Amino acid sequence: MPELPEVETQRRSLEKALQKRKITEINISTPKIFMGGVSKFSKNLLNQRILKIDRKGKFLIFRLENEKILVSHFRMTGHFLLNKKGEFDEQKYIRARFVLDNGWELLYQDIRKFGRFWIGEEDAVLRESGIVQLGNEPFAQSLTLEKFLENLKKHKGIIKPLLLNQKFIAGIGNIYADEALFLAKIHPKSRVENLNKKEKTALYHAILKVIEQGIRNRGTTIGEYVDAENKQGSNQNHLMAYRRGNKPCLVCGATMRRIVVAQRGTTFCPKCQKLKKRSLT
DNA sequence: AGCACTTCCTGATAGC
DNA sequence: TGCTATCAGGAAGTGC
């Protein structure tokens, strides 16, 4: 599922291909994905050039000539495909098609239709999409170790759902949450208030490491994720925890366990990631 | 505030 | 082979 590294991988190839391109035609086959109605998209997007593409957490932000913004969120199975020479004409589950002034097409493919688009004035779209509520990016200048520790102190409860909470930190999903907790040797059901400073510090560095590695490997492809050229990422070959239930821990050899935390499948090593009841420091 | 549960959606997989 | 049930999960909504 697309998390920060997958969305960033898409952003990089899209920005290269779409910068200064004008959208000349829009064809939407699944209107429910387009918040505010299809006509709002035609009105704000037709004959506009794309100036820049930013990313905030798992959201992409397309900045347009008319100072409006187009925002997309892939949720579970969404992604864009750059249809340069008709090579993706036969792809299934295309929910929208944006024709560009150089003859290329930007396709939005999404099996489960969970993805969402917003368009309009920047302030309104940032609010409606939920982008304003996002927490820091893992690589934000302002998210120093000290700031991360301070943010953790504001919360109580189980650590894994907090990592998945986009208001706490933006961009982490189920894959990178399991990976970061494994690297930091923290049990996914540990309570934040029971973690000591050493563990919290390890978690900070683990988050940066797994996200950086995910981007470097152009994303994790499990199921359907591909980049805008329909190419798979390679980070699935480097995962140490996610979906490795009943497999040997790559650090200690113990059998990895699969449990459910926050309604999500969660894999951890019972030997490396012990559940502590109370902080020792 | 935290946490569980439900909803959306459809391909993949398991069981018979 | 073919049917049916279950699972996967990001994020919003509901309710305690």
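Being a predicted model, the structure only gives us computed values, none of them experimental. Every chain is numbered from 1, with letters handed out A, B, ... down the list of sequences.
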Participant: Ile158(A) CD1 to dG2(B) P: how many Å, rounded?
Facilitator: 11 Å
Participant: For the helix from dG2(B)-dC16(C) to dC16(B)-dG2(C), what angle lies between the axis at the first five pairs and the axis at the last five pairs, to 10 degrees?
Facilitator: 50°
Participant: With a 4.0 Å cut-off, would you call Arg49(A) and Asp101(A) a salt bridge?
Facilitator: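 Yes, this pair counts.
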Participant: Does a side-chain N-to-carboxylate-O contact under 4.0 Å join Asp110(A) and Arg112(A)?
Facilitator: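 No, Asp110(A) and Arg112(A) are not salt-bridged.
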Participant: Is it true that Lys209(A) and Glu212(A) make a salt bridge, defined as a side-chain N closer than 4.0 Å to a carboxylate O?
Facilitator: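 Salt bridge: no.
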Participant: Which nucleotide, dC9(B), dA8(C), dG10(C), lies nearest any side-chain atom of Arg243(A)?
Facilitator: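 Closest of the options to the side chain of Arg243(A): dA8(C).
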Participant: According to ring-ring contact (aromatic ring centres under 6.0 Å, His included), who are the partners of His187(A), at least two apart in sequence or on a separate chain?
Facilitator: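 Once residues adjacent in sequence are excluded, the partners of His187(A) under the ring-ring contact (aromatic ring centres under 6.0 Å, His included) criterion are Phe268(A).
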Participant: When Ile, Leu, Val, Met, Phe, Trp and Tyr are grouped by side-chain heavy atoms lying under 4.5 Å apart, directly or through other members, which residues fall in the same group as Trp118(A)?
Facilitator: Met35(A), Phe59(A), Ile61(A), Ile69(A), Val71(A), Val125(A), Leu126(A), Ile131(A), Val132(A), Leu134(A)
Participant: Given dT10(B), dC8(B), dG10(C), identify the nucleotide with an atom nearest to the side chain of Lys58(A).
Facilitator: dG10(C)
Participant: Across the strands shown, which category fits Tyr93(A) at heavy-atom distances under 4.0 angstrom: base, sugar-phosphate, nothing?
Facilitator: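 Tyr93(A): backbone/sugar contact only, no base atoms under 4.0 Å.
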Participant: Between Arg97(A) and Glu105(A), is there a side-chain N and carboxylate O pair less than 4.0 Å apart?
Facilitator: yes
Participant: Rounded to the Å, how far apart are Arg112(A) CZ and dG11(B) P?
Facilitator: 9 Å
Participant: Would you indicate what Met76(A) reaches in the nucleic acid, counting non-hydrogen atoms under 4.0 angstrom: base, sugar-phosphate, or nothing?
Facilitator: base
Participant: Nearest to the side chain of Gln263(A), heavy atoms from C-beta on, is which of dA4(B), dG9(C), dA11(C)?
Facilitator: dA4(B)
